[in-house]
Amino acid sequence: MTTRCGYRICILLFMLCVAGQGPALGDQAVNITAVPSEIDIGASYNGVTLRVSGTVPVGSDVVLRFTGDPIELHMREKGKVFGLLWMNREVVTFKNVPNVCLIQASRPFAELGAAAGSYRLENMREQVTVEAAGLGPDFDAPHELLRLKEQEGLCAESVGGFTLNPEDNGMQSFRGALVLPSVLAPGSYRVEAIALKGGTLTGQASVPVTVRLVGIPAWLKELAVQHGTLYGILACVVAILSGILIGLLFQSKGAH
Amino acid sequence: MSSFLYLYLPIAGNSVNLLSIVGLGGVVGLLSGIFGVGGGFLMTPLLIMMGIPPTVAAASDSNQIVGASTSGTLAHFRLGNVDFRMGLLLLAGGVAGGTAGVQIIKILRQLGNADFFISLTYVLMLGLIGGYMFLESLQSMRKAKRFDPTGESRYGRFVAGLPWQMNFPHSGIRLSLLMPIGLGSLVGVLSAIMGVGGGFIMVPVMVYLLRMPMHVVVGTSLFQILFTCIDVTIMQSAQNHTVDFVLALLLLVGSSVGAQVGVKLGRKLHGDHLKILLASLVLVVMAKMLFDLLAQPAVRLAYMGGH
């Protein structure tokens, strides 16, 4: 029994190692590459365009999906108090929320058939679990969360922007682009390519994308988190010196 | 999408347009220089509208007010408009009141009524102060009536009867030590509840209850706000890590210049004009807050921690 268990673990480890070497995780019908695979957030970062290319079975349409690790969110429901004032009321906890979900399809979803429904933004409702007490009957918590994420630019669904090339050895190459917002937090993400044909899934693959802070933003963030008091004192000293400097500049120009 | 006009803010976790942030700082700094208010009640909502998280917007705004009020205090000091004795007594009261206010909010949060209480305090305070200042200034301008600080009213007799009277030569008044400390405490409680520096409450308190001349009020208010905001910046940095120094510095560039221009502009305006303009500003903010309370929000969810 122990030997069989050890054997299984070895196979699993071998499979994980092989998967880690390759450009993409998924079936062999779909191949995918994302550039850049490592996104550096420096002082001049203002979002980035992720260029995704690969191959899918001939005649397939492509859906690209950029998602982050699931997170837990604690929020408040806005409801009416005394039937008049809109106030923050009950605490709502959302679990298994993707911190970002950007979807791009080569054709409108309505034309992609039944299987495409699983990859739409609205499908996020099925994944998310809601914990709350005393919410109003008209309050649709997952829907409101989706609207909030859309407002923040962290969830979006769009169509077009793909180049699908002619057949080559039973496969078809594609190129697409996903515009990542500047509000993207550092962390691990995943971009998936989903191939759909005649309303059914013909294959899918994914590659990891890492987002990290570099340079001055990384240094400031570390100082703010690791040495908060020192950071606060330095922020005040710089602010006071800047105020004095500007005051002196005005004085030298005969401001009074 | 890198651009020289955009800068990434590591604490806010978003990039901003340099010109719009410096411009926003300039406009709020101008108001700060003219009226002696920190401008937090204007700047924080505007930053939130630009995509900065509410907690980072409020904390970073405190940091920029440190710079703006240093610049403003310096300008008013050169003009002889800062009553340091009064400012220090108000500050002592403000620190005590602020500490009590934080405890009151803690208790209300435990009871679950904090948000309602904060919003109501905001609308009532802004409405009362703005309305009273507006009507009083309008009346004063119409009648061209000058305020007589030696006039004998019931309030005047009460103030004169208090113990520990002392002179405030810079303001040209004589008052009990209890007045600035007591009123400073009251403003401290309110500003802790409302989460603002308290300039827009302190200015009317100095004008109507301490009966200080308007131009000394502005300089002294800025002096007091400087210390309040140093305290808030260090506390927020140490406990919540929400001060975005880069954002504050960008706002500061605009607001320090704006404050200097504001001080010069303020000198050209009559005291009543200053009061009526500040009252209008306070009433506009109150109307906006009341609208937000009455109108259905676009999204019925809010992050925890905000007002």
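Residue numbers start from 1 in every chain, and the chains themselves are labelled A, B, ... in the order their sequence lines are given, proteins ahead of strands.
Ranked by non-hydrogen atom pairs under 4.5 Å with chain B, the options Ser242(A), Pro217(A), Ser182(A), Gly232(A) are led by Ser182(A). For the set Glu152(A), His227(A), Gln151(A), the count of heavy-atom pairs under 4.5 angstrom toward chain B peaks at Glu152(A).
Heavy atoms from other residues, nucleotides or ligands lying under 6.0 Å from CD of Glu222(A) number 12 at most. Within a 6.0 Å sphere centred on CE of Met235(B), other residues, nucleotides and ligands contribute 12 heavy atoms or fewer.
The closest side-chain heavy-atom distance from Leu220(A) to Phe245(B) is below 4.5 Å.
Judged by distance alone, the side chain of Glu144(A) and the main-chain N or O of Arg300(B) form a donor-acceptor pair under 3.5 Å. Tyr45(A) places no side-chain N or O within 3.5 Å of a backbone atom of Leu7(B) that could act as its donor or acceptor partner. At distances below 3.5 Å, not a single donor-acceptor pair connects side-chain atoms of Arg147(A) with backbone N or O atoms of Val299(B). Although no hydrogens or angles enter the test, the distance criterion places a donor-acceptor pair under 3.5 Å between the side chain of Asn63(B) and the main chain of Ala235(A).
Of all non-hydrogen atoms in Ala295(B) and Trp86(A), the two that sit nearest each other are O-CD1, 3.3 Å. Residue Ala239(A) comes nearest to Val66(B) through the heavy atom pair CB-CG1, 3.9 Å, listed as atom of the first residue, atom of the second, then distance. The two atoms that bring Leu249(B) and Val238(A) nearest to each other are CD1-CG1, 3.7 Å, heavy atoms only. The minimum heavy-atom distance between Leu301(B) and Phe139(A), with the atom names listed, is CD2-CZ, 3.9 Å. Residues Gly228(A) and Ser237(B) come closest through the heavy atom pair O-CB, 3.2 Å.
With rounding to the nearest 0.5 Å, the separation of CG in Leu9(B) from NZ in Lys221(A) is 11.0 Å. The NZ atom of Lys80(A) sits 8.5 Å away from the CG atom of Leu294(B) when rounded to the nearest 0.5 Å. Here the OG1-CG distance, from Thr70(B) to Leu241(A), works out to 9.0 Å after rounding to the nearest 0.5 Å. Rounded to the nearest 0.5 angstrom, Asn46(A) CG and Tyr8(B) OH are separated by 11.0 Å. Here the CG atom belonging to Leu84(A) is positioned 9.0 Å from the CG atom belonging to Leu293(B), to the nearest 0.5 angstrom. In this structure, CZ on Phe227(B) lies 11.0 Å from SG on Cys236(A), to the nearest 0.5 angstrom.
Both the backbone and the side chain of Leu145(A) come within contact range of chain B, each with at least one heavy atom under 4.5 Å from a heavy atom of that chain. For Gln296(B), the parts lying near chain A are the backbone and the side chain together; criterion is any non-hydrogen pair under 4.5 Å. For Ala141(A), the part lying near chain B is the backbone, with the side chain staying farther off; criterion is any non-hydrogen pair under 4.5 Å. Interface residue Ala298(B): backbone and side-chain heavy atoms are both found under 4.5 Å from chain A. At a 4.5 Å heavy-atom cutoff, the contact between Ile233(A) and chain B is made by backbone and side-chain atoms alike. For a residue to count as touching a neighbouring chain, one of its non-hydrogen atoms must lie under 4.5 Å from one of that chain's; by this rule Ile41(A) touches chain B with the side chain only. Ala43(A) touches chain B through backbone and side chain together, each having a heavy atom under 4.5 Å away. Both the backbone and the side chain of Ile230(B) have a heavy atom closer than 4.5 Å to some heavy atom of chain A. Neither the backbone nor the side chain of Ala75(B) comes within contact range of chain A, judged by heavy atoms closer than 4.5 Å.
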Exercise for review: Starting from the C-alpha separation in whole Å, work towards a yes-or-no answer on side-chain contact (heavy atoms from CB on, under 4.5 Å) for Ile234(B) and Tyr231(A).
Suggested key: CA-CA 8 Å; Ile234(B) 295 174; Tyr231(A) 176 89; over 6 Å; no
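Partners of Phe162(A) according to the ring pair (Phe, Tyr, Trp, His ring centres under 6.0 Å) rule, which considers only residues two or more places apart in sequence or in another chain, do not exist here.
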